[in-house]
Amino acid sequence: MAPDRPFKANLIRKPDPLGSQPKTSLGDCMIEVSQLSRVYGDYTAVEACSFAIQRGEVVGLLGHNGAGKTTIMKMLTGFLEPTSGTILIDGLALNREANTVQGRIGYLPENCPVWPEMTVMAYLEYHADLRGIADIDKPRAIARAIRRTALQEKALAPIATLSRGYRQRVGVAQAILHDPDIIILDEPTNGLDPTQIRQMRDLIRELAKEATVILSTHILQEVQAVCERVLILKQGKLVVDATLATLQSGGRLRLTTAKTAQATLASQLESAQIESLPSTDGLYHYALNVPAQQTPQIAQAVVEGGLGLHGLHFEKQNLESLFAQINQQPQTHGEVGHG
Ligand SMILES: Nc1ncnc2c1ncn2[C@@H]1O[C@H](COP(=O)(O)OP(=O)(O)OP(=O)(O)O)[C@@H](O)[C@H]1O
């Protein structure tokens with residue numbers, strides 16, 4: 001079994017602290033993970049996971065406790081060696097170019113250690129040293145991290161006096177000191193109250209404007225609030241890799257009309273595609289099993305038939321029930337649902 005790497009050793013690196021790498025547009029691959037596995041003793045925590053994340057994406061790693069999220073994040077950040085599989089960051093192999101690659105990643109570990117006796121400023125100065133940020137660049141790097149995490153008022157406060165929400169922000173500030181291209185956040189809202197959660201989500205959205213972001217959570221709403229795409233892990237295996245839009249669509253087309261549309265619909269569709277729903281408001285309601293491309297055709301037929309079009313939309317899938325369903329299903333080896 002490959003050993004965990006020491007925490008500090010992996011933070012010392014990087015000649016170019018203020019990140020001169022240009023942030024480019026969506027569409028090129030930032031992280032490519034292939035057949036990634038990690039075994040602890042005889043327990044397989046992560047098994048043959050493969051996925052690719054594009055530059056600028058905001059991706060949620062979702063799974064119940066123990067699903068393997070932290071293990072994957074530690075491997076992505078180079079803190080833990082995979083048992084097998086490969087990780088490419090912007091085309092560079094993490095195992096061969098660890099220092100270069102780690103210099104482009106910012107990491108908020110779960111329960112980020114923040115030393116209570118230090119002030120926020122002293123803590124960030126310490127991390128700037130660990131990151132190898134040159135003295136001349138340090139004030140600018142620290143000021144920027146403090147500004148981005150809205151910690152200005154607390155910069156000189158001892159960490160011991162901060163709320164959990166502020167401490168998490170200090171953890172994020174240390175993660176972005178070197179202006180990384182990739183920000184990896186392990187359970188960033190864990191233990192925060194609703195206001196603090198809202199503030200952390202706003203902060204993540206801000207960070208996502210300039211970096212590729214991966215966050216882990218066991219709470220579906222977290223993913224819905226900030227992510228475009230979700231990777232769902234179950235017992236160490238990747239069972240879903242899809243955009244939220246794709247997951248939420250896939251419902252039926254709901255049609256509401258003033259007059260009965262039965263005959264018009266029958267002329268366009270098979271009877272098995274049409275379900276007439278009960279009405280409580282004097283209107284006619286239908287659920288149609290049709291692909292999205294057929295929507296204009298249905299709309300046109302209803303309008304031309306003078307049926308009074310009151311509504312036409314796709315039912316949204318309930319992600320909560322989908323997530324619950326995924327976690328109940330017996331697992332099929334190696335199966336990934338793609339969106
Ligand atoms: N160092 C370790 N030694 C042995 N087993 C471990 C170790 N680290 C994690 N595990 C086990 O591997 C599995 C995956 O753990 P991991 O922390 O990656 O899950 P997770 O999805 O992040 O869970 P949580 O949300 O609870 O943090 C768990 O069963 C955990 O007990």
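Order of listing sets the numbers, starting from 1, for every ligand and every atom in it.
Seen from the ring of F79, K74 does not count as a face-on cation partner, given the 6.0 Å and 45° thresholds.
Heavy-atom contacts of A67 reach the following atoms of ligand 1: 19 (O), 20 (P), 21 (O) (cutoff under 4.0 Å). With ligand atoms numbered from 1 in the order given, ligand 1 contributes 25 (O) to contacts under 4.0 Å with heavy atoms of E187. Those atoms of ligand 1 with a heavy atom of T71 less than 4.0 angstrom away are 15 (O), 16 (P), 18 (O). Close contacts of ligand 1 with H64, meaning ligand atoms under 4.0 Å from a residue heavy atom, involve 21 (O). Interface of E110 with ligand 1, defined as ligand atoms under 4.0 Å from a residue heavy atom, comprises 27 (O).
Atom CD of Q262 is separated from atom CG of L307 by 11.5 Å, given to the nearest 0.5 angstrom. Between N289 atom CG and I274 atom CD1 the span is 10.5 Å, to the nearest 0.5 Å. Expressed to the nearest 0.5 Å, how far CD1 of I159 lies from CE of M118 amounts to 7.5 Å.
Remark: ligand 1 and H218 share no N or O pair separated by less than 3.5 Å (distance only, no angle test). Geometrically, ligand 1 and G68 share a nitrogen or oxygen pair separated by less than 3.5 Å.
For Q297 and Q268, the side-chain atoms include at least one donor-acceptor pair closer than 3.5 Å. Looking at E222 and T189, their side chains do bring a donor and an acceptor atom within 3.5 Å of each other.
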